[in-house]
Amino acid sequence: MNTETVKKEKINTSKSIRISGAEAIIHCLLAEGVDLIYGYPGGAIMPVYDELYKFQDKLTHILTRHEQGATHAAQGYARVSGRVGVAMATSGPGATNLVTGLADAQIDSTPIVCITGQVPRHLLGSDAFQETDIVGISTPVTKWNYQITKASEIPEIFAKAFYIAKSGRPGPVLVDITKNAQFDKLDFTYEKCTGVRSYKPVPQPNAEAISKAADVINSAKKPYIVWGQGVILGKAEEELKSFIEKTGIPAAWTIMGESALPTDHPLNVGMVGMHGNYGPNVLTNECDVLLAIGMRFDDRVTGKLDTYAKQAKVIHFEIDPAEVGKNVKPDIALLGDCRETLSSLLPLVNENSHHTWKSEFDKKYEEEYAAVIKNDLHPTKEGLTMGEVVEQINKASGNDAVVVTDVGQHQMIACRYAKFKNSKSNITSGGLGTMGFALPAAIGAKQGAPHRQVVSIIGDGGYQMTIQELGVIFQHQIAVKIVVLNNDFLGMVRQWQQLFFDKRYASTVMVNPDFVKIAEGYHLKANRVTERKDLASAVQEMMEFAGPYFLEVKVEKEDNVFPMIPSGASVSDIRLK
């Protein structure tokens, strides 16, 4: 490592101290403000755990029941708190078990630092016990990674790791540390990293492009905003709200951007994407200007690219130059932090109200309400729907819970119907679509925002992928509310099999255990609802209970999620049934 490439900010200017590499790692974490780590010990990381034992008054370690759970918990913590999440594991299978969480954090731009132990330097490449090339394995799914083989490297590499994880477009970083580097001594001082040569995390906004964008917006007749998680990561919620209210432009969100604007804001027109709202999808192909703010034009949002917003002038607000033109070529690219670009643009746009255009969204909503929403939230059939469960959670929480979802039908229903007052309230696995994400992520979310109600809504399939993390909830009495919507199916796959594979339900029927008994086995308060008359009181009891609570709701086995854009179809081809 060339130390001249790293700019530094002095944190500790006192005389250096002679300590082991393992102890140095603890001091690095403390210098970065870390007070919570998720992890699982093992032989190659044991020296660090031994030092961690000595610092229990300063650093809390949560023993997850699987290393994947550690990464998802770190993600949930990071997404709610806005801080860097930290996970730690040993070498070999411990390290490889982190990969799914790293990939999830990479595609969803979540800042986490993962620390892995490694065999001693002299054994590298020898196929030693529990040796894997985790740096090579994790390279495609990390923002940066590095293998430390000498104790003297530790302070600089950790400073760089935290800087890279949280700067610009955030992401996961992995630091692999050989066992000899943990035992060896170094003269320790720590300096926070403030920059790395050739790495420019935030592009400078272009004043000419901002001026051109203002002219296009001011002349638009049917402007439309789609915002994503970049607004939340950039802490640009107030700037977005001010911009929307001044311009009167209808605005929709991707699932990762949900909650940046209150659900009940009059210009919040709903969700885009495969199971998004009818109007926001169809009218994408009728707007004359499309403002994409902090979103990356994911295929689940655009549908068939050949037909996506071809009539519109596209203005793309984006911090990562690699995303500009990757899927949709913009007419104007506004590179930079969206908080800064929105602030620069706001004085240049005219006050306006697009009542006639906004009424088109209202009309589409009425169509969707009659065909879909009414049946989801106020069903007349006997069986319970996922939508009415989410609606009861809204009522019991006052629309102010953090909702953590897994992946599948329940995720789409929760994203469609959960209501939010505050940002950083919708935590889900977006780009990777990781089943098993929700339960450990809810643990991290609750610890990242202990003052908030955290409700984890999970399907019966994904729940069983990380069900062992109930042990963490019990051991630490983490007051999350767990709601399993049980339809005895892998519901989203079953829906596709019904619609596109002639109801050949291949390997999607779930023969489930008694979830209530399992929760009770972990000494958690648990309940089950099978009838509508019991739903409201059960949800209310759960929300009022002081500690962790498990609620299973038996829902209709073969309900489908609509609207739906068939895979490969245009957003204009969205189906209401």
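Count residues from 1 along the sequence. Bear in mind the structure is a predicted one, so any value in this text is a computation, not a measurement.
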### Task
Let me know which of Phe545, Tyr463, Tyr522 forms a ring-ring contact (aromatic ring centres under 6.0 Å, His included) with Phe550.
Tyr463
### Counterpart residues, salt bridge (charged side-chain N to carboxylate O under 4.0 Å, His left out), relative to Arg169 (two or more places apart)
Asp320, Glu323
### Message
With a 4.5 Å cut-off on side-chain heavy atoms, are Leu576 and Glu368 touching?
### Response
yes
### Message
Please tell me whether Asn426 and Ser259 have a donor and an acceptor in their side chains that are separated by less than 3.5 angstrom.
### Response
no
### Query
Hey, are the side chains of Val483 and Met542 touching, using non-hydrogen atoms and a 4.5 Å cut-off?
yes
### Task
Check whether any side-chain heavy atom of Ser167 sits under 4.5 Å from a side-chain heavy atom of Lys143, and report yes or no.
yes
### Among Thr71, Thr110, Thr434, side-chain hydrogen bond (donor to acceptor under 3.5 Å, both in side chains) partner for Asp104
Thr434
### Query
Looking at Gln411, Arg300, Met492, which hits side chain to side chain contact (heavy atoms under 4.5 Å, CB included) with His275?
Met492
### Spatial distance of atom NZ (Lys419) from atom NZ (Lys395) [nearest 0.5 Å]
8.5 Å
### Task
Identify, with sequence neighbours excluded, every residue that meets ring-ring contact (aromatic ring centres under 6.0 Å, His included) alongside Tyr278.
none
## Note on the structure
Minimal heavy-atom distance between Tyr308 and Val301, with the atoms involved, is CE1-O, 4.0 Å
#### Entry: Single hit among His410, Glu552, Gln409 for side chain to side chain contact (heavy atoms under 4.5 Å, CB included) with Leu485
His410
### Task
Let me know which of Lys481, Glu541, Lys525 forms a side-chain hydrogen bond (donor to acceptor under 3.5 Å, both in side chains) with Tyr549.
Glu541
### Task
Taking the side chain as every heavy atom from C-beta outward, state whether Leu283 and Phe361 have any atom pair closer than 4.5 Å.
yes
### Message
Ring centres under 6.0 Å, that's the criterion: do Phe489 and Tyr505 meet it?
### Response
yes
### Message
Can you tell me if Gln56 has over 12 outside heavy atoms packed within less than 6.0 Å of its CD?
### Response
yes
### Query
Do Tyr38 and Gln447 get their side chains close enough for a donor-acceptor pair, meaning under 3.5 Å?
yes
